[in-house]
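Below, read A as the first sequence line, B as the second, and so on, with proteins coming before strands; counting in each chain starts at 1.
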Amino acid sequence: MRILRYICVFLILILLAGSASPVYAQDYRFQVPEQAVVVSVNNDGSINIDYTMTFLNDSGAHAIDIVDIGLPNYDYELRNITAEVDGVKITRITNSDVVSPGISLYLESNEIPAGGRGTVHAYITNVRTVIYPATETETEDYASLKFSPNWYDRQYCYGDTNYQFTFLLPPGIKDGESRYYIPDRWPNSEVVPESMITAEDRIFYTWVEDTANTYTQYTFGTSFPARYLAEGAVVQEVYVPPSSSGGNSTSFNLDSLCPLIFCFGFLGFTALIIYSATIGAKKRKMAYLPPKISMEGHGVKRGLTSVEAAVLMEQPMDKIFTMVLFGLLKKNAAEVVNKDPLDIKASTPVPPELYGYETDFLAAFTEKASAPRKKLLQTMMVNLIKSVGEKMKGFSRKETLAFYEDIMRRAWTQVETAGTPEVKAQVYEEVMDWTMLDKKYEDRTQNVFSGPSVIPAPSWWWRYDPTFMRPVINTSTIGGAAPPPPLSTSGGQSISMPTMPGSAFAASVVGSVSNFSSKVMGGLSGFTSGVTNVTNPPPPPSTYRSSGGGGSSGGRSCACACACAGCACACAGGGR
Amino acid sequence: MNLLNYFSSSKTKTPAVEIPAAGVYHFLRQTEVEKSRLHLRLDKDGSGLLIINANRVYQLNPTAAAMMFLALNEIPSTQAVGKLHKKFNAPKDLLVSDYGIIQDQLLSLISNESCPICELDLETTAPFSSRPSAPYRMDLAVTYRCNNACAHCYNGRPRNYPELSTEEWFKILDDLWKIGIPHIVFTGGEPTLRDDLPDLIRHAEANGQITGINTNGRKLKDKAYLQKLVDAGMDHVQITFESHIPEIHDQMVCHTGAWQETVEGLKNTVESNLYVMTNTTMLTHNKATIPDTLEFLGKLGLKTIGLNALIYSGHGSTVGTGLSESELQPILETAQVITDKYQQRLIWYTPTQYCNFDPVQMGLGVKGCTAALYNMCVEPNGDVIPCQSYYQSLGNILTQPWHAIWNHELAVSLRERHNLPEKCNDCTLLSECGGGCPLAAKVN
């Protein structure tokens with residue numbers, strides 16, 4: 001006999017009799033790469049069933065010559081069935097003698113040969129006695145329908161199926177009135193079916209799954225207000241198939257009972273419906289996660305200096321200037337010649353590896369008049385902010401901020417956990433540029449160096465405080481008071497650093513910021529607005545941009561935009 | 001009873017106010033000063049992609065995807081929240097707040113005034129980590145015929161390769177739209193040699209797809225022909241231009257007089273309202289002329305310049321005029337200076353091994369192979385290949401289901417970068433670099 005017939009018989013025996021079926025026609029072997037099933041509910045309570053099944057027959061397997069399709073009951077008529085294979089009408093359609101109720105489609109000269117591929121389409125209209133009352137509690141009477149599409153024996157059928165199953169409900173049902181039930185055995189039962197209202201004012205539910213198959217029995221269900229059906233369309237009693245043969249029916253036997261039970265829900269299965277409705281009600285709404293938009297790009301922008309990180313963190317500009325100043329002093333690139341009013345001079349020669357903003361800073365202080373110097377410092381800050389903006393293109397600001405905040409935290413940890421005031425001072429000198437990123441930098445600095453302890457001054461401190469003595473370079477040990485520990489040695493020499501009270505050091509460091517603000521910038525707010533008017537100007541009128549191909553703004557491509565899409569068209573048209 | 005008919009009819013005949021099913025949806029945002037085309041691709045799991053002007057792609061989780069659909073349809077918050085409340089298990093005040101955020105973000109993303117990552121604080125994922133259900137862009141090599149004969153051309157097929165009919169291309173365009181591909185680039189060969197190119201463009205545009213062509217520009221010297229393409233709705237043009245010196249250009253494309261026609265085409269295109277860019281392949285023949293070539297293009301008014309290295313496919317695999325990756329940097333540094341001067345956008349195309357040439361360090365953006373991931377190509381006979389230059393069929397789009405093509409062993413291998421050189425395994429730049437161009441790796 002034919003493969004698709006045997007399959008259904010086999011399943012009936014397995015499911016109802018609980019026994020194994022002998023294997024017939026072992027040379028049948030096929031896949032169903034695609035299957036689409038649409039069940040449309042008509043106003044009169046009948047349904048139309050639309051199957052589109054693509055078969056991929058194995059090479060060396062038996063040709064697929066007859067396709068049997070099980071039907072929910074005998075309340076159908078053969079004249080209401082049309083079918084095609086690969087677009088060619090199937091002329092011989094009969095009641096199946098192996099699937100009851102069911103039909104046989106004879107492919108005849110269009111059979112799907114070994115190694116071949118073919119698409120069978122069957123359209124079965126006006127199948128009646130299939131809509132039953134729903135038992136779910138609703139504010140009005142609901143009608144329900146459950147449906148299991150054809151499935152095949154796994155022994156003969158294998159592989160994934162791009163599977164679509166659709167319920168198309170009667171016209172007029174309003175959004176929110178219809179229900180669907182979690183499909184039984186569907187690979188991804190959590191997935192909400194696609195649903196929309198068609199131009200014909202009909203709601204549909206569609207389940208789509210690439211990894212479904214046609215050797216598993218899936219059961220789909222839906223319900224909707226019964227008032228959308230004609231009076232009497234909802235079956236109030238279990239359908240009992242005819243007991244005698246004739247017409248398009250066969251006798252009532254186990255074979256015929258199978259599709260009835262497994263293809264449609266009815267009163268005898270209210271428990272299942274209630275279960276599904278209960279679970280379904282919980283799952284009908286999707287779990288809510290905050291909306292998230294993401295894009296491909298870089299994460300953390302590493303390699304920023306502490307000054308650049310401060311710009312990113314939008315630290316006050318007086319603090320940023322102080323950081324620049326300390327950086328230059330530490331590099332031996334400058335020296336404060338007067339603290340009030342602040343004046344600095346560049347070292348000669350200037351160390352070669354200065355950052356652009358450091359060079360600009362030094363250049364500003366070559367201008368002795370206050371107003372032009374302020375202007376140069378504003379320009380320096382504008383350039384610095386723009387430079388950071390350029391560097392950050394394509395990188396995550398959020399992740400980068402977190403990265404540098406972590407560096408700042410670790411810097412403080414190193415300082416605060418240092419064992420002695422001397423070591424604290426030494427560590428602080430090494431990491432102070434990062435500790436300055438802390439908004440509580442002043443308080444923490446004073447806390448760290450509170451108390452009566454005396455600490456060695458940083459090796460560059462004399463360049464910051466003109467009144468402070470320069471460190472003494474020792475070439476041999478001299479008697480007398482014990483010097484502070486040597487901070488560095490080079491070529492057999494050690495540098496003895498002057499000491500100072502820790503609290504005085506802290507106060508001086510903290511005071512440096514406000515000193516810069518009042519003595520150089522002429523007030524923070526006015527200076528800052530002079531910068532932000534340039535870096536964050538009011539939006540200019542837009543220019544017309546045409547669509548397509550990647551925008552038309554000048555300048556280099558932003559890394560984030562180029563990581564992914566149209567302009568990531570690596571090789572799009574190049575090379576010829 | 002075709003399900004797809006339900007989708008399309010619903011999209012076109014009823015107000016698109018219900019949060020829809022999977023599919024791709026096209027939106028036009030146009031003001032007096034600005035025009036943007038947006039595509040929202042919704043996947044089966046509810047997640048989505050927002051693609052702006054076919055070149056900026058944002059991933060949306062299911063909540064953001066649903067909200068974005070409503071925002072794109074300009075549904076007021078009061079209505080949108082009702083729809084969202086039916087779909088999501090969330091209090092309405094939270095939905096109001098979050099919907100407002102999405103509306104604001106949409107405006108910012110469309111305006112393109114801000115870097116979305118560093119200024120809008122969007123979350124970032126690693127480059128090339130997305131696994132879409134279909135590419136964002138499909139190149140249609142509608143013919144392999146060409147009126148040039150570049151010695152370095154990557155084309156690996158005969159010029160008389162079988163070609164599909166107009167109707168078959170229409171079907172392909174429709175199928176590509178159904179699987180969610182919003183961006184079509186007609187290429188070849190020389191796509192302008194197909195008489196039906198305006199029809200194909202018009203058909204794609206009617207679907208909602210953004211269209212462009214990659215051309216040698218010679219036929220665009222005919223203003224009337226260019227106008228036909230514009231009238232059909234074409235959005236962008238990429239013109240191959242090898243040198244400002246006619247003899248070098250003509251020598252490279254092996255056609256005397258080609259330069260003159262290409263330059264006329266360039267001028268005509270610049271005068272149009274099209275988005276136009278050039279592309280120049282940097283080879284031993286023309287590398288010395290590239291600075292002056294860029295100056296020439298700057299003076300012509302080109303806003304976007306593309307550069308790439310030799311593609312090791314077709315003639316390109318044997319021509320022997322390619323530059324080593326380590327030779328690229330000084331040329332591109334010069335290119336950056338010149339394009340900055342003319343306020344042009346510089347696009348670098350070629351995936352390289354970052355250990356030899358790192359485009360990120362140069363500020364050129366992340367460049368890696370996106371074949372069978374973000375772009376693919378359909379050959380003149382309907383065969384789908386991983387990219388325009390990788391001539392190994394993954395299946396024919398007219399006869400084989402999309403998922404079989406998309407999940408072809410080679411496509412998966414390229415997407416998942418299965419065949420990387422051993423030295424790449426421990427490299428920290430691997431996610432961005434991806435081992436460079438697989439074709440170059442084969443040859444070298």
From [X] atom [atom1] to [Y] atom [atom2], the distance as rounded to the nearest 0.5 Å:
X        : Y        : atom1 : atom2 : value
A/Tyr288 : B/Leu95  : OH    : CG    : 5.0 Å
B/Lys44  : A/Thr206 : NZ    : OG1   : 11.5 Å
A/Asn162 : B/Trp402 : CG    : CH2   : 13.0 Å
B/His403 : A/Thr211 : NE2   : OG1   : 11.0 Å
A/Met295 : B/Arg56  : CE    : CZ    : 8.0 Å

### Task
Let me know if B/Leu60 has heavy atoms under 4.5 Å from chain A in its side chain, its backbone, both or neither.
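Contact with chain A involves both backbone and side-chain atoms of B/Leu60.
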
### B/Met282, part contacting chain A, at a heavy-atom distance under 4.5 Å
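When you check distances to chain A, no heavy atom of B/Met282 falls under 4.5 Å.
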
### Message
Shorter than 4.5 Å, heavy atoms on both sides: which option in B/Ala66, B/Gly306, B/Gly314, B/Ser130 has the most such pairs with chain A?
### Response
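The candidate making the most pairs under 4.5 Å is B/Ser130.
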
### Top of B/Gly316, B/Pro401, B/Gly322, B/Gly212 for chain A proximity - count of heavy-atom pairs under 4.5 angstrom
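Counting heavy-atom pairs under 4.5 Å, the top option is B/Pro401.
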
### Query
Is there a donor-acceptor pair closer than 3.5 Å between any side-chain N or O of B/Asn61 and the backbone N or O of A/Lys292?
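Side chain of B/Asn61 to backbone of A/Lys292, a donor-acceptor pair under 3.5 Å: yes, one is there.
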
### Task
For the pair A/Glu296 (side chain) and B/Phe128 (backbone), establish whether a donor and an acceptor sit closer than 3.5 Å, ignoring hydrogens and angles.
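Judged by distance alone, yes, a pair lies under 3.5 Å.
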
### Query
So do B/Ile102 and A/Ile293 actually touch side chain to side chain, heavy atoms under 4.5 Å?
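A side-chain contact under 4.5 Å exists here.
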
### Query
Are any non-hydrogen side-chain atoms of A/Arg117 and B/Thr399 less than 4.5 angstrom apart?
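A side-chain contact is absent here, since even the closest heavy-atom pair is not under 4.5 Å.
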
### Task
Identify which part of A/Glu399 has an atom lying under 4.5 Å from any heavy atom of chain B, answering side chain, backbone, both or neither.
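A/Glu399 touches chain B through side-chain heavy atoms alone.
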
### Where B/Ala22 and A/Glu194 come nearest, the two heavy atoms and their spacing
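Taking every non-hydrogen atom into account, CB-OE2, 3.3 Å.
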
### Message
Counting heavy-atom pairs closer than 4.5 Å to chain B, which one of A/Ser195, A/Pro291, A/Pro290, A/Pro33 comes out on top?
### Response
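When all of A/Ser195, A/Pro291, A/Pro290, A/Pro33 are compared, A/Pro291 has the most.
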
### Task
Kindly write out the residues that satisfy side chain to side chain contact (heavy atoms under 4.5 Å, CB included) with B/Ser47, not counting sequence neighbours, or none if the list is empty.
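Only B/Asp43, B/Asp45, B/Pro62 meet the side chain to side chain contact (heavy atoms under 4.5 Å, CB included) criterion with B/Ser47.
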
